[in-house]
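To start, the structure itself, in C-alpha cells.
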Amino acid sequence: MNFLEERIVKDGIVKPGNVLKVDSFLNHQMDIALMEEIGREFKRRFGHKTITKVMTIEASGIGIAAFVAREFGVPMVFAKKSKSVNLDGEMFVAEVESFTHKNKNQVIVSKKFLQEGEHVLIIDDFLANGCALQGLISIAESAGAVVEGCGIVIEKGFQIGGRVIRNLGYHVESLAIVDAMDAENGTITFREQNN
Ligand code: 5GP
C-alpha cells in the first residue's frame, strides 16, 4: 500500500451510497504534511511534462491543487460554482453535476486566467462519474489550452468516470483507486498499481 492508501484504511469511513468520507485528513480538516506528499507525488508522475497551470474546481480541490502548483512553480486556478445566469462573456462556462450533492452547477473560469496554448494539469480530490473532470476539461479546451493530464487523489474505480476519461485519451493518474468498498463492514479494496 502507498502512503495514501494506508491513510485511507486508517482514517477513511465508508458511507452508504458509495461515498468515502475522508474529511479528517483531506477535504474538511487537512493534514498538511500529507498534502505536501501528494503535491510531490503528482510532480513525480507529471514532472516530465510541461505544465504552465494547475486547474481544479471549488471547494475541495483547491487545497490539494495549491500544493501541486507549488511543486510545479506555476499558478493554480479553480473553477467557481456560479448561480448567476447573466455571465458577461468574460468567462468560460461548463455545467457540472455534483456527485455528492446531486445538483447541477454552472462552473466558471475567467478568460483572464486561462489562455490559449497553456499546458494544464487538472487536479481533483475524487473521481466518481467523471462530471467534474469533464467540466474542467471542457473549460480548458474552450480556452484553447492543452490538457496534459488529470491527477486524482482518490478514484472510485467501480464508478465509470476513470474509464470514460481514459477512453477519451486523457492521461489520468490516481494516487489510490478503490475497486470496492463495503459500508457494512468498512472494508476497502484497492487496485494494484505499478508506480
Ligand atoms: P464526479 O464528478 O467524478 O462524479 O465526482 C467527483 C466530485 O464529487 C469530486 O469533486 C468530489 O468532491 C465529489 N465526490 C465524489 N465521490 C466522492 C466520495 O466518495 N467522497 C467524497 N468526499 N467526495 C466525493
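When a ligand or atom number is given, it counts from 1 through the structure's own listing order. Small disclaimer: the values here were computed from a predicted structure and weren't measured.
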Without hydrogens or angle criteria, can the side chains of T52 and E118 be said to hold a donor-acceptor pair below 3.5 Å?
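On atom types as modelled, these side chains qualify, holding a pair under 3.5 Å.
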What is the closest protein heavy atom to [atom], and at what distance does it sit?
atom	result
atom 12 (O) of ligand 1	D125 OD1, 3.4 Å
atom 15 (C) of ligand 1	F99 CD2, 3.2 Å
atom 4 (O) of ligand 1	N129 N, 2.8 Å
atom 21 (C) of ligand 1	F126 CE1, 3.3 Å

Considering only heavy atoms, which of L20, I57, V22, V14 lies nearest to atom 22 (N) of ligand 1?
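Closest candidate by heavy-atom distance is L20.
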Considering D124, D23, T100, which one's heavy-atom position lies nearest to atom 10 (O) of ligand 1?
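Among D124, D23, T100, the closest heavy atom to atom 10 (O) of ligand 1 belongs to D124.
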How far apart are the C-alpha atoms of H28 and K21, what are their side-chain angles, what is the distance that settles it, and do they pass the side-chain hydrogen bond (donor to acceptor under 3.5 Å, both in side chains) test?
CA-CA 10 Å; H28 188 168; K21 233 172 168 242; over 6 Å; no
For ligand 1, which is the ligand I care about here, please tell me if V19 has any N or O atom under 3.5 Å from one of the ligand's N or O atoms.
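N/O-N/O distance under 3.5 Å: no.
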Contacting atoms of ligand 1, where contact means under 4.0 angstrom from a heavy atom of [X]:
X	result
S60	12 (O)
N18	19 (O)
A132	2 (O)

For the residue pair F190 and V9, establish whether any side-chain heavy-atom pair is separated by less than 4.5 Å.
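Yes, their side chains come closer than 4.5 Å.
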Check whether any side-chain heavy atom of I32 lies under 4.5 Å from a side-chain heavy atom of F67, and answer yes or no.
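They are in contact (side-chain heavy atoms under 4.5 Å apart), so the answer is yes.
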If I compare all heavy atoms of [X] with all of [Y], which pair ends up nearest, and what's the gap?
X	Y	answer
N18	Q159	O-OE1, 4.0 Å
L175	E5	O-OE2, 4.4 Å
V54	A69	CG2-CA, 3.8 Å

At under 4.0 Å between heavy atoms, is it the side chain or the backbone of V96 that contacts ligand 1, or both, or neither?
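Contact part for V96 vs ligand 1: neither.
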Return each pair, listed once, that meets salt bridge (Lys or Arg N to Asp or Glu O under 4.0 Å) where at least one residue sits in residues 181-195; pairs must be two or more places apart or across chains.
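Applying salt bridge (Lys or Arg N to Asp or Glu O under 4.0 Å) to every pair that reaches into residues 181-195, excluding sequence neighbours, yields D179-R191.
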Strictly under 4.0 Å, does any heavy atom of [X] approach an atom of ligand 1?
X	result
N27	yes
G130	yes
K156	yes

Backbone of V107 reached by a side-chain donor or acceptor of K80 within 3.5 Å:
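Checked: no pair found.
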